[in-house]
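So you know, we letter chains A, B, ... as the sequences are listed, proteins then strands, and number each from 1. The figures here come from the full heavy-atom set of this structure, side chains too, leaving out hydrogens, waters and symmetry mates.
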Amino acid sequence: MSMEQLIDKYFRPGRLPHIWCPGCGNGIVTGAIVKAIDKLALEKDSVAVISGIGCSSRASGYLDFNTVHSAHGRALPVATGVKLADPSLNVVVVTGDGDATAIGGNHLIHAARRNIDMTVVLYNNSIYGMTGGQYSPMTPYGSKATTAPYATIEHDFDIAELAKAAGATFVARATTFHTQLLVDLIAKGIQHKGFSIIEAVSACPISFGRQNKLGGPADMMKWQRDHAVMLPAWNKLTEEQRSGKFPIGLLYEVTDRKEYTEAYDELIARAQGGNK
Amino acid sequence: MSKILLLQGNQAVVEGAIAAGVKFFGGYPITPSTEIAESLAERLPLVGGKFIQMEDEIASMGAIIGASLTGKKVMTATSGPGFSLKQELIGYACAAEIPLVIVNVQRVGPSTGQPTSPSQGDIMQARWGTHGDHWLIAITPASVPECFELTLRAYALSEKYRVPVILLMDEVIGHMREKIELPDNYDEIPQAERKQPDCAPADFKAYAADESLVPPMPPFGNGYRWHVTGLVHDETGFPKGAGSATKAAADRQYHKLYDHLDDIVQVENYCMEDAEYAIVAFGGAARTAYEAVDMARKEGIKAGLLRPITIWPFAENEIQKLAGKVKGILVHELNRGQYVYEVERAAAGKVPVYSYAKYDNEPATPAQLLAEFKKAMAL
Ligand SMILES: Cc1ncc(C[n+]2csc(CCOP(=O)(O)OP(=O)(O)O)c2C)c(N)n1
């Protein structure tokens with residue numbers, strides 16, 4: 001399907017243009033979600049897109065599914081309620097790096113720990129975009145932000161490692177430069193039965209790029225091209241060669257960990273069978 | 001057929017929840033509300049419902065909001081500190097008009113306070129705990145049977161008006177054991193229904209309301225694909241920046257409740273027919289007041305009790321009428337004085353309004369309340 005056809009099919013009429021700045025990567029990530037859903041031929045009625053608050057979280061309003069634009073950091077608890085109450089829905093969570101790992105960080109590790117079936121697409125633009133460029137827990141160490149005029153002295157999260165340690169069963173990363181990979185990973189994440197998270201490394205030229213002199217949108221995407229390394233190649237690199245770079249692809253997947261809503265159905269059967 | 005049981009208030013809430021058709025509970029343990037979570041963890045799976053212990057009270061609120069969007073009746077239960085954590089999302093539920101019930105079994109605060117001691121210190125928090133203009137309902141039971149009845153009523157109101165309802169309990173009522181008669185099975189209990197759209201999905205505007213001012217609310221997954229947001233939205237449900245949209249949303253959310261105070265506000269009048277002096281008390285404090293009124297009557301004092309069952313919206317008309325009838329009003333509450341200011345405002349100087357505030361971990365005895373009553377009324 002062409003992008004025009006995808007927009008006609010999956011975007012709500014009259015809701016565009018979006019609020020995002022010129023050069024923002026959010027459109028690419030949102031497009032990738034729609035392409036992944038299209039690839040899987042999911043019924044629109046069967047999809048719930050739940051977001052928090054932030055530039056990225058505005059995506060939910062543009063998309064023609066069952067959608068929630070919740071509160072800052074709270075997309076995952078709302079998504080947990082939706083999924084547990086109606087496991088037939090395909091739940092996709094749209095969140096920013098601050099939304100997911102600062103104010104919503106606790107919910108992230110617990111949703112991962114439960115291994116509840118949903119797919120988190122984390123739009124990582126390295127900054128608080130909506131509020132104008134303050135540092136997030138994923139702002140690279142040493143970067144400038146409006147609240148870090150002397151550069152951050154806080155170390156940033158590797159969300160893939162964090163999610164894996166917390167119990168996520170599908171962990172992946174792509175960038176807005178590697179769009180086909182991003183689409184494939186989101187589609188695989190949705191198909192995966194359990195908690196899946198895809199970090200989408202994205203550019204915020206206005207609120208992050210400018211403060212850190214990273215050039216325009218095209219320069220920031222070239223940076224993604226030059227610093228992201230496909231996992232098989234990454235695995236062959238020495239520690240030294242890895243410095244400053246990051247792996248992309250399906251970083252981790254396990255299928256033998258029980259999914260939460262399935263476990264709950266078994267619990268109901270046990271309880272109703274009279275067994276504790 | 002019915003059965004007679006000896007139950008705690010908190011357990012009667014659980015029975016009420018099951019009878020009301022609750023199918024989802026998200027919570028986090030806190031004294032003195034924990035029995036509700038423990039009991040629903042056991043009961044819900046038996047009726048095909050879901051219980052989840054979330055990572056905190058914020059998450060619990062989020063989870064019940066999400067579950068409500070799928071059309072389920074949902075509950076969370078907490079006490080003061082947890083109630084504070086829920087506030088941002090209570091405001092969200094008001095703005096997005098999501099039916100849900102929050103039980104707050106109050107304890108002494110602020111902060112960790114006195115975890116196991118009774119209090120009615122969250123009267124104002126229940127009304128004004130979240131930020132911004134908002135309207136919601138809070139109701140408060142004064143007996144174990146009423147815990148059951150008001151839990152059912154909480155769902156009737158919440159679903160009818162698409163509004164969060166706070167079942168505002170106190171430790172006295174939550175932990176007290178009393179006789180209660182319950183139906184053997186709950187199948188015949190009328191279930192509150194959420195209004196459904198009667199138009200085709202293509203014509204559906206999620207927040208367009210008829211003269212009831214309450215928009216219909218289809219569950220996720222049934223074809224209507226609507227958008228839920230805490231941003232100010234117009235009748236389409238999508239964000240709208242105009243001041244007129246802010247005003248229209250606020251006005252509709254106000255009027256959908258405040259045009260129906262006859263339906264929403266309930267009070268009990270005890271010995272009020274010929275009363276010359278009145279006590280106003282609710283929840284656990286009302287228990288003391290019934291007895292104090294009986295004692296006063298034995299002494300020949302024409303005392304009566306007005307017991308607000310609905311705490312919010314405030315029983316404006318009822319208190320105004322009371323002020324036109326009696327010579328004095330004593331408000332007895334288990335806090336340093338919260339509800340009394342509302343009574344004073346509504347009485348508008350027509351009669352003196354006194355406060356017997358009790359905030360030393362112990363409910364008053366009837367004798368103490370009677371003594372304060374006589375002192376205030378100069379009897
Ligand atoms: C409780 C609360 N605190 C703070 C804010 C203000 N706020 C809105 S969005 C945001 C940060 C968004 O950053 P991120 O999650 O990275 O998303 P982005 O805008 O970059 O897509 C903040 C701090 C808020 N809306 N609610």
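With hydrogens and angles disregarded, a donor-acceptor distance shorter than 3.5 Å links the side chain of Tyr264(A) to the backbone of Phe51(B). Without hydrogens or angle criteria, Glu88(B) side chain to Ala71(A) main chain gives no donor-acceptor distance under 3.5 Å. Side-chain N or O atoms of Arg225(B) include none that pairs as donor or acceptor with a backbone N or O of Asn66(A) at under 3.5 Å.
To the nearest 0.5 angstrom, Asp45(A) atom CG is 10.5 Å from Tyr224(B) atom OH. Rounding to the nearest 0.5 Å gives a distance of 7.5 Å between CE of Met54(B) and NE2 of His107(A). Atoms OG1 and CD1, on Thr80(A) and Ile65(B) in that order, are 12.5 Å from each other to the nearest 0.5 Å.
For Glu43(A), the CD atom is loosely surrounded, since the number of other residues' heavy atoms within 6.0 Å does not exceed 12. No more than 12 heavy atoms of other residues, nucleotides or ligands shown are found within 6.0 angstrom of CD on Glu188(B). For Tyr92(B), the OH atom is densely surrounded, since the number of other residues' heavy atoms within 6.0 Å is greater than 12. In Lys240(B), the NZ atom is not crowded: 12 or fewer heavy atoms of neighbouring residues, nucleotides or ligands sit closer than 6.0 Å. Counting non-hydrogen atoms of neighbouring residues, nucleotides and ligands closer than 6.0 angstrom, the NZ atom of Lys195(B) exceeds 12 such neighbours. Residue-environment remark: CG (Asp198(B)) stays at or below the threshold of 12 foreign heavy atoms within 6.0 Å. Enclosure of atom NZ in Lys44(A) by more than 12 non-hydrogen atoms of other residues, nucleotides or ligands within 6.0 angstrom is indicated.
Ranking Leu69(B), Val47(B), Ile58(B), Asn222(B) against chain A, the residue ahead of the rest is Ile58(B), based on heavy-atom pairs under 4.5 Å. Counting heavy-atom pairs closer than 4.5 Å to chain B, the top residue among Ser70(A), Ala75(A), Ser88(A) is Ser70(A).
Closest heavy-atom contact between Gly49(B) and Ile268(A): O-CD1, 3.8 Å. The nearest pair of heavy atoms linking Leu46(B) to Gln272(A) is O-NE2, 3.2 Å. Contact record, Ala85(A) with Thr70(B): CB-OG1, 3.3 Å, taken as the closest heavy-atom pair.
Of the atoms belonging to Glu55(B), heavy atoms from both backbone and side chain fall under 4.5 Å from chain A. Residue Val74(B): no heavy atom, backbone or side chain, is found under 4.5 Å from chain A. At a 4.5 Å heavy-atom cutoff, the contact between Ser60(A) and chain B is made by backbone and side-chain atoms alike. For Phe220(B), the parts sitting under 4.5 Å from any heavy atom of chain A are the backbone and the side chain alike. In this structure, chain A has no heavy atom under 4.5 Å from any part of Lys23(B). In this structure, chain B has heavy atoms under 4.5 Å from both the backbone and the side chain of Leu84(A). Contacts between Pro87(A) and chain B at a heavy-atom distance below 4.5 Å involve the side chain alone, from C-beta outward.
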> Under the side chain to side chain contact (heavy atoms under 4.5 Å, CB included) criterion, do His227(B) and Arg12(A) qualify, and how do the steps go?
Replying inline: CA-CA 10 Å; His227(B) 185 54; Arg12(A) 285 177 165 134; 3.5 Å; yes

> Should Leu89(B) and Arg74(A) be marked as a side chain to side chain contact (heavy atoms under 4.5 Å, CB included) after you check the CA-CA gap, both sets of side-chain angles, and the distance that decides it?
Replying inline: CA-CA 9 Å; Leu89(B) 288 179; Arg74(A) 313 306 169 200; 4.2 Å; yes

>> Please determine whether side chain to side chain contact (heavy atoms under 4.5 Å, CB included) holds for the pair Leu231(B) and Arg58(A), giving the CA-CA distance in whole Å, both sets of side-chain angles, and the decisive distance to 0.1 Å.
In response: CA-CA 11 Å; Leu231(B) 280 168; Arg58(A) 283 300 192 98; 3.3 Å; yes

> Taking it one step at a time, do Asn106(A) and Asp56(B) satisfy side chain to side chain contact (heavy atoms under 4.5 Å, CB included)?
Replying inline: CA-CA 9 Å; Asn106(A) 196 32; Asp56(B) 59 30; 3.7 Å; yes

